There are 2 protein chains.
Amino acid sequence: MEPKAPKITDVARLAGVSTATVSRALSKPESVAESTRNTVLAAAEKTGYRVNLSARNLRRQRTGAIVILVPNIGNPFFSEILAGIETVLSESDINMLVVDTRQAHMKPQLVLEYLHATRADGIIALDGSLPDAILAVASSGIGAPPIIFACEWTPGGEFSSVRANNAHGGELAIAHLAGLGHRIIGMITGPDDNVLTHARSKGAIDALTEKGLAMAPEHVFAGDFSLDAGARAAQSWLELDQRPSAVFSQSDQMAFGFISELARQGISVPGDVSVVGFDDIAIAQCFIPALTTIRQPRKKLGLTAARVLIEHIGASSNPPIETTILDVELIERDSTGAFAG
Amino acid sequence: MEPKAPKITDVARLAGVSTATVSRALSKPESVAESTRNTVLAAAEKTGYRVNLSARNLRRQRTGAIVILVPNIGNPFFSEILAGIETVLSESDINMLVVDTRQAHMKPQLVLEYLHATRADGIIALDGSLPDAILAVASSGIGAPPIIFACEWTPGGEFSSVRANNAHGGELAIAHLAGLGHRIIGMITGPDDNVLTHARSKGAIDALTEKGLAMAPEHVFAGDFSLDAGARAAQSWLELDQRPSAVFSQSDQMAFGFISELARQGISVPGDVSVVGFDDIAIAQCFIPALTTIRQPRKKLGLTAARVLIEHIGASSNPPIETTILDVELIERDSTGAFAG
DNA sequence: AACCTTTATGTAATCGATTGCAGTGCAGCA
DNA sequence: TGCTGCACTGCAATCGATTACATAAAGGTT
């Protein structure tokens, strides 16, 4: 009447062998005689047996899961990275435990829970700005599960990371605009304390310097990667006496907000101002005008991070810190045009 | 030398009590004398003890996780729903295990793994088109964990679900367009076998009928909710002799693809054709033109689904099938205008 | 034939926390 | 004083699978 979940002893009884043999037949098939194996598999099939993961994990001293720390799950930018991670994990029978760190910045205790080995065998952090207290614990000692940063990273460089060549992206953006004849170029940045902001800004400034150009402080609009920040930058741009004829936006979202707000005020892109984005999210090619942008290999970021982490988990000793940098590329579309005097 | 993770016996020894008392002090504090409790908590703090979840789950016969079946993690539409789910779960110390079902449609076996009670205490499916074989198992019997559909649902109605009032959304879209004077109205649909497609189409057709209008078969463009599908619909629209002066796109993404492709061909929105979308994703208000659309409460969908599921998990008996329908609303922006003759 | 390998399987300890049951001590009450 | 009841706490079984070690059988060697 009560259809309880069959356990390994049920299979063993039906197959007429010991539980040890059943366990082996299922996880190390080659260590068991073929005839026995067939009997066991048939019995397992017949009973509908599934291994109890809590029991297995307890015995094996692992959790079978890795946690992904995402700054904001609602942000579509991260979803493609998650997809990449998932692709790799689904082949390794490791589960993906997604945690949003937004409220966590309020409550470091809560995130700390997730960093302990009892929760996960490893961690992928998409959030470079985790509180120091958390990082200290994460990096402390042998018991802690391996952690790897994807996309963002920590300034100190104490952790392995997989990231895009952000500085080069900044260079490409500027080189493109300068190549079109623009001399006064503005920039919409990410948050002040963000490593991506720094890297992209540095690349941009370096490229300008190399061409003998500079960027006036009032042409740098402080943003935070969001649509709103782009719209705010547009307001600032409108109020300038000397307006840049081109703007490098450090995220596509901000570029959309920027262009959209300008359009509302009758300013056209690329007619009145050229705009380069960063990320190449899906909608970029359907925006009007289609957005010229720096493509980040987001899926590959996820794939690579997951692969590296799995390797680290497998390694017996403390693996070395490993930094992987992926190439970016400029995708030229319709939001940039030649400087028109 | 080897800093092994402290276990409950370590805490017990340090506090001078039994493991039973430690366990109780931590999980049912009121069942233990105050002085003892303090001693135990101090000892736990001192050793840095964290409960081993595999052991607890094994003993308690649960997994502490629920799985979310997402058709495509990379699709930003789902991310807000995930955010809603996460918000609720983070308060319940239940983990969120995200699984992409794309490759799963190839391999039902793989998804089946996740539906078993050994993996999760419950399931939220954002994918209404799971293979029947899977659903059969999921609904079969007492051992199976509760499952609830969010956003999409199954035609048979054998499962609880939380969804938006899609039919009403279709009605609102058509009413809006008809109110602007449009008489020949087209529609870009989702996949043929999708419940959302059916509901939205039905609402649209009903609203037309009520106004004495009809929709010609050649004005129905078969899509799949993607950007590309919208672009394809634009091609079809261009080839028509009699072109609809307004189009209801069953997703914002398709609306973007549609408008973008039309723009490329010199057709303007809303000048030459009005467009209403569905979803109100973030970018809709920044698109040019800003998109008139039907807003779905995506975050609330996630919140509600998670709450209902948690309730079901808590319930001892088989809970009744429960359908929650959330309101949608029309957000009027710039992609629709009065019929101009 | 005696002995050593190799292969296949079983026995039983183990992972770490939870919890039913039993015991202890103390207060209240007749 | 003796008894009952209550509040705490401890003992030990238990969750289900894995695996080190022991055992047994079969094959090979001299």
Side-chain angles (χ1 to χ4, degrees), chain A residues 2-41 43-44 47-65 93 113 116-121 143, chain B residues 2-41 43-44 47-65 93 113 116-121 143:
Chain A
E2 265 267 334
K4 291 230 197 74
K7 34 193 197 179
I8 201 169
T9 53
D10 298 323
V11 179
R13 191 174 326 113
L14 184 59
V17 299
S18 74
T19 62
T21 301
V22 175
S23 176
R24 282 189 281 251
L26 294 173
S27 50
K28 291 200 298 174
E30 75 285 1
S31 73
V32 129
E34 185 172 347
S35 61
T36 319
R37 190 192 321 149
N38 291 336
T39 318
V40 171
L41 292 181
T47 54
Y49 170 74
R50 336 234 31 133
V51 43
N52 179 313
L53 291 178
S54 296
R56 165 181 287 177
N57 290 337
L58 171 59
R59 180 61 231 234
R60 289 206 178 148
Q61 299 285 69
R62 30 162 266 161
T63 69
D93 107 293
E113 283 304 320
H116 271 270
T118 170
R119 260 282 172 31
D121 301 329
Chain B
E2 265 266 332
K4 291 230 197 76
K7 34 194 199 179
I8 201 169
T9 52
D10 299 323
V11 179
R13 190 174 327 113
L14 184 59
V17 297
S18 73
T19 62
T21 301
V22 175
S23 175
R24 283 189 280 251
L26 294 173
S27 50
K28 291 201 296 177
E30 75 284 1
S31 73
V32 128
E34 186 173 345
S35 61
T36 320
R37 191 192 319 148
N38 292 336
T39 318
V40 171
L41 292 182
T47 55
Y49 170 75
R50 335 237 30 136
V51 44
N52 180 313
L53 292 177
S54 297
R56 164 181 287 177
N57 290 337
L58 171 59
R59 181 60 229 236
R60 290 205 177 149
Q61 298 284 70
R62 30 162 266 162
T63 69
D93 108 293
E113 284 304 320
H116 271 270
T118 171
R119 261 284 173 30
D121 300 330

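All values derive from a computational prediction rather than experimental measurement. Proteins come first, then strands; the chains are lettered A, B, ... in the order of their sequence lines, and each starts at number 1.
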K.L.:
Using a 4.0 Å heavy-atom cut-off across all strands, classify A/Val22 as base, sugar-phosphate, or nothing.
P.N.:
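No contact.
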K.L.:
Could you give the CZ-to-C1' distance, from B/Arg50 to C/dC15, as a whole number of Å?
P.N.:
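Spelled out: CZ on B/Arg50 to C1' on C/dC15 is 20 Å.
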K.L.:
Expressed as a whole number of angstroms, how long is the span from B/Arg56:CZ to D/dT14:C1'?
P.N.:
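After rounding, the reported distance stands at 17 Å.
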K.L.:
Which sits closer to the 5' end of DNA chain C, A/Ser18 or B/Arg60, going by the nucleotide each is nearest to?
P.N.:
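Going by which nucleotide is closer to the 5' end, it is A/Ser18.
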K.L.:
When the distance from CZ of A/Arg13 to P of C/dT9 is rounded to whole Å, what number comes out?
P.N.:
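A/Arg13 atom CZ is separated from C/dT9 atom P by 20 Å.
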K.L.:
Could you tell me the separation between the CG atom of B/Leu53 and the P atom of C/dC15, rounded to a whole number of Å?
P.N.:
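Computing the B/Leu53:CG to C/dC15:P distance gives 18 Å.
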K.L.:
Set out, in order, the CA-CA distance, both residues' side-chain angles and the distance that settles side chain to side chain donor-acceptor pair (under 3.5 Å) for B/Asp121 and B/Thr63, then state yes or no.
P.N.:
CA-CA 6 Å; B/Asp121 300 330; B/Thr63 69; 3.1 Å; yes
K.L.:
Do A/Arg13 and A/Asp10 sit within salt-bridge range, that is, some charged N less than 4.0 Å from a carboxylate O?
P.N.:
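Looking at A/Arg13 and A/Asp10, the cut-off is met.
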K.L.:
Can you tell me the distance, in whole Å, between the CZ atom of B/Arg59 and the C1' atom of D/dA12?
P.N.:
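Going from B/Arg59 (CZ) to D/dA12 (C1'), I get 11 Å.
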K.L.:
What's the separation between atom CZ in B/Arg37 and atom OG in B/Ser35, rounded to the nearest 0.5 Å?
P.N.:
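One gets 9.0 Å once the value is rounded to the nearest 0.5 Å.
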K.L.:
Figure out the CZ/C1' separation between A/Arg62 and D/dA17, and round it to whole Å.
P.N.:
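Between C1' of D/dA17 and CZ of A/Arg62: 13 Å.
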K.L.:
Can you check the A/Lys28 NZ to D/dT19 P distance for me, whole Å?
P.N.:
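A/Lys28 atom NZ is separated from D/dT19 atom P by 7 Å.
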K.L.:
Output the rounded distance in Å from CG (A/Asn57) to P (D/dC15).
P.N.:
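From A/Asn57 CG to D/dC15 P: 19 Å.
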K.L.:
With nearest nucleotides of DNA chain C determined for A/Thr19 and B/Ser23 from heavy-atom distances, which residue corresponds to the more 5′ nucleotide?
P.N.:
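The residue whose closest nucleotide sits nearer the 5' end is A/Thr19.
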